[in-house]
2 protein chains.
Amino acid sequence: MSTSKAEATTPVNGSLTRQRRTYSIGELARMFEVTPRTIRFYEQEGLLAPERRGQTRIYHEKDRVRLKLTLRGKRLGFSLAEIREVIEMYDAMPDGNARQLKRLLEILADKRNNMERQLEDIRLMQRELDDVEMRAREVLERLGQD
Amino acid sequence: MSTSKAEATTPVNGSLTRQRRTYSIGELARMFEVTPRTIRFYEQEGLLAPERRGQTRIYHEKDRVRLKLTLRGKRLGFSLAEIREVIEMYDAMPDGNARQLKRLLEILADKRNNMERQLEDIRLMQRELDDVEMRAREVLERLGQD
DNA sequence: GACGACGTTGACGTTAACGTAAAGTGGTTG
DNA sequence: CAACCACTTTACGTTAACGTCAACGTCGTC
């Protein structure tokens, strides 16, 4: 998990007021700094279901958003299976039966707990980092003086 | 990544005012809800270096803290290799040369960026969860009325 | 002194999440 | 038309992080 910056938000809509609705796999890959292989793998795992023009995949806004959510979920440590579960339930929502919906709410509560824990972890970890950094700077100081 | 609760903080110091300094591998495992195998693996990967009484491992407070930090790091998505890198540099700090220390500060800055990004991710994810939950509740409502 | 609980070291197995290489298709461009 | 992309499928390879199993040693106790 190294540093990077790109988040690939909504495109800036260069000319007209609602266009550029589709993407190739390569475009999407560059946008999010993943490989096409990764995107195909996500499809194979049921996280994406792009349109097909013949053999080649055509991605729309919806697919892009899904990919974005998927990658965000990954950064938060969710497995692809977990992410898929939520996505599937979300898609099945309109006609979902009560049991399914309650199950979904359970999962969401679980994720929420997870988020809370991570927030706490982050706070603690930041303190640790502060501490280590302080010590490191002190040592550096002394090295400079001698 | 499922839900659980134990964090295994400092023991409550039952009788005297500074005791219970060592742990067996099994105790530690139960404390943090991992298997002994996991703990041995972390040692093999250079994250722990417990004392040995003959063959058997003896863990002190220091080791327990390290394990705690390691697991926290894991929950935040760091690899064992990354965690080890930080631990090693931390240990080598007192006599670390300037280059090493600067490298450490770089790594820390990197982790910090990571934390920031995760905070943002969590905020965004929480909104998504809110949204999904709302819709789910709406659908449930309608199911109840009809 | 047999038994069970706990510890030890190998060594091989497993899963998730891709990487990589091979071999083919379809379009456009000099 | 040949060369070059970008895309496709199939399939085997790889890495991290353990799980699992075998075979053994060491206590305490019944």
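Below, chain A is the first sequence line, B the second, and so on; all start at residue 1. Small disclaimer: the values here were computed from a predicted structure and weren't measured. Only this structure's heavy atoms are used, side chains among them; waters, hydrogens and symmetry mates stay out.
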Problem - Contact under 4.0 Å: A/S24 side-chain N or O vs D/dC7 OP1/OP2 - result: yes

Handout entry: Distance, rounded to the nearest Å, where A/R75 contributes CZ and C/dA17 contributes P
Key = 16 Å

Problem - Under-4.0 Å side-chain N/O to phosphate OP1/OP2 contact, B/T35 with D/dC18 - result: no

Problem - Any B/R84 side-chain N or O less than 4.0 Å from OP1/OP2 of D/dA17 - result: no

Exercise for the section: Please report, rounded to the nearest Å, how far the P atom of D/dT26 is from the CD1 atom of B/I58. Expected result: 15 Å

Practice task
Taking the side chain as every heavy atom from C-beta outward, state whether B/L69 and B/I83 have any atom pair closer than 4.5 Å.
Solution key: no

Completion exercise
So CG of A/L76 and CE of A/M115: to nearest 0.5 Å the spacing works out to 4.5 Å

Exercise for the section: Answer yes when B/E85 and B/R103 have at least one side-chain N-carboxylate O distance shorter than 4.0 Å, and no when they do not. Expected result: yes

Problem - Shortest side-chain distance from B/Q55, nucleotide among D/dG19, C/dT9, C/dG7 - result: C/dT9

Exercise for the section: Return no unless some side-chain N or O of B/T38 is found under 4.0 Å from OP1 or OP2 of D/dA17. Expected result: no

Practice task
Let me know the distance between CZ of B/R53 and P of C/dC6, rounded to the nearest Å.
Solution key: 19 Å

Problem - Rounded distance (Å) that lies between atom C1' of D/dA11 and atom CZ of A/F41 - result: 14 Å

Exercise for the section: Select one nucleotide: of D/dA17, C/dT8, D/dT8, the one nearest the side-chain heavy atoms of A/T56. Expected result: D/dT8

Handout entry: Atom-pair distance (CZ on B/R40; C1' on C/dG10), nearest Å
Key = 12 Å

Handout entry: A/Y42 side-chain N/O to C/dC18 phosphate OP1/OP2 under 4.0 Å
Key = yes

Problem - Student check: side-chain heavy atoms of B/L80 and B/K74 closer than 4.5 Å - result: yes

Practice task
Whole angstrom is fine here: how far is it from CD in A/E51 over to C1' in D/dT8?
Solution key: 16 Å

Exercise for the section: Give the nucleotide from the list C/dT8, D/dC18, C/dC18 with an atom nearest to the side chain of B/I25. Expected result: C/dT8

Practice task
Let me know the distance between CZ of A/R52 and C1' of D/dC7, rounded to the nearest Å.
Solution key: 10 Å

Completion exercise
From CD of A/E45 across to P of C/dG19 the rounded distance in Å is 14 Å

Exercise for the section: Just call it for A/R57: base, sugar-phosphate, or nothing, with non-hydrogen atoms closer than 4.0 Å on any strand. Expected result: sugar-phosphate

Problem - pair A/R137-A/E141: side-chain heavy atoms closer than 4.5 Å - result: no

Exercise for the section: Look at the side-chain N and O atoms of B/K74 and state whether any lies under 4.0 Å from the OP1 or OP2 oxygen of D/dC18. Expected result: yes

